[in-house]
Amino acid sequence: MDKTSATTTTKFIPSFPSTSSIFAAYASASATITLLQQAYYQFVPKPLHDYLSAFVHRILRRRSTSMFTLLVEEDDDVKTNPLFEALEAYMCHKVLTTSATCLKATTDSITNSGGGGGGVPLTLNLARDEKFKDVVDGVEVCWSFRCIDPRKAGYMPSYYSYNYLEAETLATYDRIRFFELRFLKDHKDFVLNSYIPKVMEIADKIMNKERILKLWTLKYSGSEKRAKWESVKLNHPSTFDSLALDPELKSTIIHDLDLFLERKDFFRKVGRAWKRGYLLYGPPGTGKSSLIAAIANYLKFDVYDLQLMHIEGDDMLRKLLLSTTNRSILVIEDIDCSMGLPKKRKDDEDDDDDSDDDGKSKSKKGSAKISLSGLLNFIDGLWSSCGAERIIIFTTNHKDRIDPALLRPGRMDVHVHMSYLGMSAFKTLASNYLGIPVDGEPHRLYEQIEGMIRTTNVTPAEVAEEMMKSKEVDVVLEGVVALLRRKQIESETQATEKERVKKRQLFKLW
């Protein structure tokens, strides 16, 4: 082969560092980063560290994306954010038709406790950190549900608070729940002015159609015992139809409630806050709690159970009452004991109705740390106008122990005496428990029972308990007759004993 015709080809062969060199470089870089990280956490103060992290987070979010983020937090200062509640209802309606791959399912254990082969009604919502996309008028938005436990994380998220919080303050936050909405910045006006109002409108229709009543109670957290409302579903089945109450009294209460609901403009015209105060008084077991539940089911109002003895002062009371929603019922039970008011009758100190197992008076066990003027200020003062369409219900076993300042109209507008069982109320109980029609053929024992009820103080709760002891109508009514006889004997014995005590006291005076 001719040397002149030979072609010499030179190939480029890249040179790679050896494996040992790569591991050595990695180990050196890792050690340097670890050293710098330890120095950063050791020498940079914690508040400054959190501030720098939040600052970098904001800068990166502003410059690295063309997206806009809208946060809807659960708590709006002292009360639940209405927009958050609306979004919860909207999500329940939308999640089945969205692209979400993980949903949270709940069911009502009470309504489904009986079993059976039918389908179980489920309530579906977004699971934690799950996302789904919603498209309206060609604009795409992305929803996600977030839930953060600040006590485990050790800090508050930067978008919730830019200030470092001590561990003691973090302990007051059980969880931080919020919805996050992300969309292009170009669509900001459309989302805020059109999309969000449309979502609120849909949610309002859903909540009015599928109204779920809630029972709110106070929950305390943190060393400062910060109080916050917490709710459960109110599944109490009591209605005015099933309530063992005098028919005339039922009609009076229902008429007053209907009149209250339709007179919004009238209350504004006469310069009064749109609220109504009720006082339910009478012996224990006469159905005060059942009447409250019946009113809530009739009006479709949430119930707030306020226990005054746990309130630290007037300031806390004001914040809690301001955080209640419109269309709600505020219940203050045993108002005479809760306020620690002085007794007006010395001979009531030994009443069985007002003492616990140790014989100590309930009013002596503890009283609220709030003042009467603080309570009156919200019920009938300037603060009473902070809210509308509210019912305030007080209960007591002893009306004569309540301060007259609470009893006057404008505070307790309607006084409802929950008395002992009458024959009309007994027929309602017999209809509920035994299936005997109220207007049907009376049972052979009805005449005897009616005569005994007129002369015997027996509560609906006592008779209802007797009616649950058997399925046989005759057996149950005979048991009711026996109960009434025992109550008559007890009443006669107590009357005899009181008469003997009076004679003994008169003899000592002589």
Side-chain angles (χ1 to χ4, degrees), residues 74-82 84-85 172 213-222 224-232 234 257 260-261 264 267-268 271-280 288-289 292-293 295-296 299-341 366-396 402-403 405-414:
E74 180 180 18
D75 293 328
D76 180 15
D77 196 10
V78 296
K79 62 182 179 180
T80 302
N81 188 351
F84 183 90
E85 292 184 332
T172 63
L213 300 185
K214 294 181 180 181
L215 174 60
W216 295 84
T217 186
L218 293 179
K219 180 180 180 181
Y220 300 87
S221 59
E224 298 179 357
K225 294 185 178 180
R226 291 184 53 178
K228 179 182 177 182
W229 290 111
E230 186 177 58
S231 68
V232 295
L234 179 60
L257 292 173
F260 168 75
L261 289 180
K264 176 181 178 180
F267 275 85
R268 180 176 293 275
R272 293 186 58 177
W274 192 17
K275 63 177 182 61
R276 194 73 167 156
Y278 285 80
L279 172 65
L280 311 184
K288 291 186 283 291
S289 297
I292 293 172
I295 293 175
L299 298 176
K300 299 300 180 184
F301 281 13
D302 288 348
V303 176
Y304 287 83
D305 181 20
L306 181 63
Q307 299 180 4
L308 296 180
M309 286 188 294
H310 301 302
I311 307 300
E312 293 297 324
D314 291 348
D315 183 59
M316 179 184 288
L317 175 66
R318 183 166 55 252
K319 289 181 180 179
L320 290 172
L321 294 178
L322 287 175
S323 64
T324 59
T325 61
N326 296 338
R327 297 181 60 82
S328 62
I329 300 173
L330 178 67
V331 178
I332 304 177
E333 295 189 288
D334 298 321
I335 181 64
D336 56 316
C337 300
S338 299
M339 292 299 299
L341 300 177
S367 59
K369 298 178 182 179
I370 63 174
S371 64
L372 179 60
S373 61
L375 180 62
L376 295 179
N377 251 346
F378 188 85
I379 295 175
D380 196 30
L382 292 175
W383 291 100
S384 64
S385 60
C386 299
E389 206 169 1
R390 288 177 175 170
I391 301 289
I392 304 176
I393 299 179
F394 302 87
T395 71
T396 181
I402 300 178
D403 193 295
L406 277 169
L407 290 173
R408 74 169 180 79
R411 293 164 183 171
M412 297 181 182
D413 305 292
V414 182

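This chain uses plain numbering: 1 for the first residue, then up along the sequence.
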> Where do Leu234 and Lys214 land on the side chain to side chain contact (heavy atoms under 4.5 Å, CB included) test, with the steps shown first?
Replying inline: CA-CA 5 Å; Leu234 179 60; Lys214 294 181 180 181; 5.8 Å; no
Looking at [Y], is its backbone amide N or carbonyl O close enough to the side chain of [X] to form a donor-acceptor pair, meaning the two atoms are under 3.5 Å apart?
X	Y	result
Asp302	Leu213	no
Asp305	Thr217	no
Ser328	Phe301	no

>> Classify the ring geometry of Trp274 against Phe260: parallel below 30°, tilted from 30° to 60°, perpendicular beyond 60°.
In response: tilted
>> Under the criterion side chain to side chain contact (heavy atoms under 4.5 Å, CB included), I'd like the reasoning laid out for Thr395 against Ile332: C-alpha separation, chi angles, the key distance, then a yes or no.
In response: CA-CA 7 Å; Thr395 71; Ile332 304 177; over 6 Å; no
>> Apply side chain to side chain contact (heavy atoms under 4.5 Å, CB included) to residues Leu257 and Tyr278 and explain how you reach the verdict.
In response: CA-CA 11 Å; Leu257 292 173; Tyr278 285 80; 3.3 Å; yes
Inter-residue atom distance [X].[atom1] - [Y].[atom2], 0.5 Å rounding:
X	Y	atom1	atom2	value
Gln307	Leu218	CD	CG	7.5 Å
Arg327	Leu261	CZ	CG	7.0 Å
Leu280	Ile335	CG	CD1	12.5 Å
Leu299	Glu389	CG	CD	8.5 Å
Lys288	Ile292	NZ	CD1	9.0 Å
Leu279	Ile393	CG	CD1	10.5 Å

> Would Asp336 and Thr396 count as having a side-chain donor-acceptor pair, cut-off 3.5 Å?
Replying inline: yes
>> Looking only at side-chain N and O atoms, does Ser323 offer a donor or acceptor that is under 3.5 Å from a partner on Trp229?
In response: yes
So, for [X] and [Y], which heavy atoms are closest and what is the spacing to 0.1 Å?
X	Y	result
Ala388	Asn326	N-OD1, 2.9 Å
Arg411	Leu406	CB-O, 3.5 Å
Gly410	Lys275	O-NZ, 2.9 Å
Phe267	Ala273	CD2-O, 3.3 Å
Ala296	Val303	CB-CG2, 3.6 Å

Minimum side-chain heavy-atom gap [X]-[Y] below 4.5 Å:
X	Y	result
Val331	Glu333	yes
Arg276	Val414	yes
Leu306	Thr324	no
Ile311	Leu320	yes
Tyr304	Thr325	yes

>> For Arg272, is there an ion pair with Asp413 - N to carboxylate O distance below 4.0 angstrom?
In response: yes
>> For Arg268, is the CZ atom crowded, meaning more than 12 foreign heavy atoms sit under 6.0 Å from it?
In response: no
>> Please determine whether salt bridge (charged side-chain N to carboxylate O under 4.0 Å, His left out) holds for the pair Asp315 and Lys319, giving the CA-CA distance in whole Å, both sets of side-chain angles, and the decisive distance to 0.1 Å.
In response: CA-CA 6 Å; Asp315 183 59; Lys319 289 181 180 179; 3.6 Å; yes
